[in-house]
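Structure, as structure tokens:
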Amino acid sequence: MMKEENLKKSFEPLSELFYSRNALTLAKEVLGKYIIRNYNNELLIVRIVETEAYHEIGDPACHAFNGKTERNSVMFESPGMLYVYFTYGMHYCMNLVAEPAGTAAAVLIRAAEPVCGISTMKKLRTKKSKQGSAKTLFDEDIASGPAKLCQGLAITNQQNGANVKDFSKSEIYLAQKINAPKILISEIIETTRVGIKKGTELPWRFYLKDSICVSRI
DNA sequence: ACTGCGATGTCCT
DNA sequence: GGACATCGCAGTT
């Protein structure tokens, strides 16, 4: 397991300016960045490989398309906050709030590649219902979808409104690896969003071309 | 490989 | 009361 000391040498936080850009830019820039989750004093780390942008303007699939409600209010707050919502009666999905406060825009994290804490993430993903069915969960399927990602990182509505810019105190934050090679435009696939019924024509989904951890829908 | 569907709670009309 | 930014299982080709 990675020590906190070493972690701080290899990762660095991202500024408010990083998050305050428009959702489409943020959705691309966030590819290759890391989610670091402090879960019961263990660090769970994943590398983001797939995202989607949502915006209150011109996007009927956005939760804030019809204005502010109790559920979506975090989307209107400061960039770099976490918007977590509950859906289909059993799943959570997490978004990074983009753009300046007052504008509702967010980036859904759809898939990520496990980096650290793999056995714990697998337990979080499988400790459900039936024992006995010992179907093997492959590493690439730990977080190959937005609800899988939240389940693997133990993210629920308790993390709604968390500040992912807080590198030291928050139990979840985003970071970039120091000296990591920059993601090239040629490595990013831009395409239409999935799992929605409205706004399906907008090419607001992005993923890393060579990743085996993207959602397969 | 693909297709259909059940689970299940909260939001919003 | 319907919709829902999903997933995993069961059944079929």
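Below, chain A is the first sequence line, B the second, and so on; all start at residue 1.
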Test salt bridge (charged side-chain N to carboxylate O under 4.0 Å, His left out) applied to E16(A) - qualifying residues, sequence neighbours left out: K165(A)
Within residues 49-74 of chain A, residues whose heavy atoms come under 4.0 Å of DNA chain C: Y54(A), A61(A), H63(A)
Atom-to-atom span, NZ of K197(A) to C1' of dG2(C) - whole angstrom: 11 Å
Nearest non-hydrogen partners of N95(A) and C93(A), listed with the distance: ND2-O, 4.1 Å
All pairs passing side-chain hydrogen bond (donor to acceptor under 3.5 Å, both in side chains) where residues 73-91 of chain A contributes a residue, at least two apart: H63(A)-Y83(A)
Atom-to-atom span, OH of Y92(A) to P of dC11(B) - whole angstrom: 11 Å
Separation of atom CG in L149(A) from atom P in dG8(C), rounded to whole Å: 13 Å
Length of the line joining R193(A):CZ and dC4(C):C1', which is rounded to integer Å: 14 Å
Show me the donor-acceptor pairs, under 3.5 Å and distance only, between side chains in residues 176-188 of chain A and residues at least two apart or in other chains.
unit_1	atom_1	unit_2	atom_2	d
Q176(A)	NE2	E12(A)	OE2	3.1
E187(A)	OE2	L184(A)	N	2.7

Set of side chain to side chain contact (heavy atoms under 4.5 Å, CB included) partners for P60(A), sequence neighbours left out: F65(A), K198(A)
Listed partners of F86(A) passing ring-ring contact (aromatic ring centres under 6.0 Å, His included), at least two apart: Y92(A)
Listed partners of E171(A) passing side chain to side chain donor-acceptor pair (under 3.5 Å), at least two apart: Q159(A)
Protein-nucleotide distance (Q151(A), atom CD; dT8(B), atom C1'), rounded to Å: 14 Å
K198(A) vs dC4(C): side-chain N/O to OP1/OP2 distance below 4.0 Å: yes
Minimum-distance nucleotide to R125(A) side chain [options: dG8(C), dA7(B), dC4(C)]: dG8(C)
Where DNA chain B forms stems, i.e. three or more consecutive Watson-Crick or G-U pairs with both distances under 3.5 Å: B:1-7 with C:6-12, B:9-12 with C:1-4
Where at least one partner belongs to residues 36-55 of chain A, residue pairs that pass ring-ring contact (aromatic ring centres under 6.0 Å, His included), sequence neighbours excluded: none
Rounded distance in Å - CG (N160(A)) to C1' (dT10(B)): 13 Å
Cation-aromatic face contact R21(A)/Y19(A), 6.0 Å, 45 degrees: no
Partner residues of R193(A) under the salt bridge (charged side-chain N to carboxylate O under 4.0 Å, His left out) criterion, sequence neighbours left out: D59(A)
Integer-rounded Å distance: dG6(B) C1' and H91(A) NE2: 11 Å
Sugar-phosphate, base or nothing in reach of F86(A), heavy atoms under 4.0 Å: sugar-phosphate
Nearest-neighbour nucleotide for the C93(A) side chain, dT6(C), dA7(B), dG8(C) considered: dT6(C)
For atom NZ of K148(A) and atom C1' of dG8(C), their distance in whole Å: 9 Å
Euclidean distance for C1', dA5(C) against dT3(B) (whole angstrom): 22 Å
Base dA7(B) paired with Y88(A) side chain (donor-acceptor, <3.5 Å): no
Sub-4.0 Å heavy-atom contacts from residues 103-112 of chain A onto DNA chain C, ordered by number: L108(A), R110(A)
Please list every donor-acceptor pair under 3.5 Å in which a side-chain atom of residues 107-122 of chain A meets a protein atom from a residue at least two apart or in another chain.
unit_1	atom_1	unit_2	atom_2	d
R110(A)	NE	E50(A)	OE2	2.8
R110(A)	NH2	S215(A)	OG	3.2
E113(A)	OE1	R47(A)	NH1	3.1
T120(A)	OG1	E42(A)	OE1	2.7
T120(A)	OG1	E42(A)	OE2	3.0
K122(A)	NZ	L137(A)	O	3.2
K122(A)	NZ	D139(A)	OD1	2.8

Hydrophobic cluster identity match, V84(A) and V30(A), side-chain contacts under 4.5 Å: yes
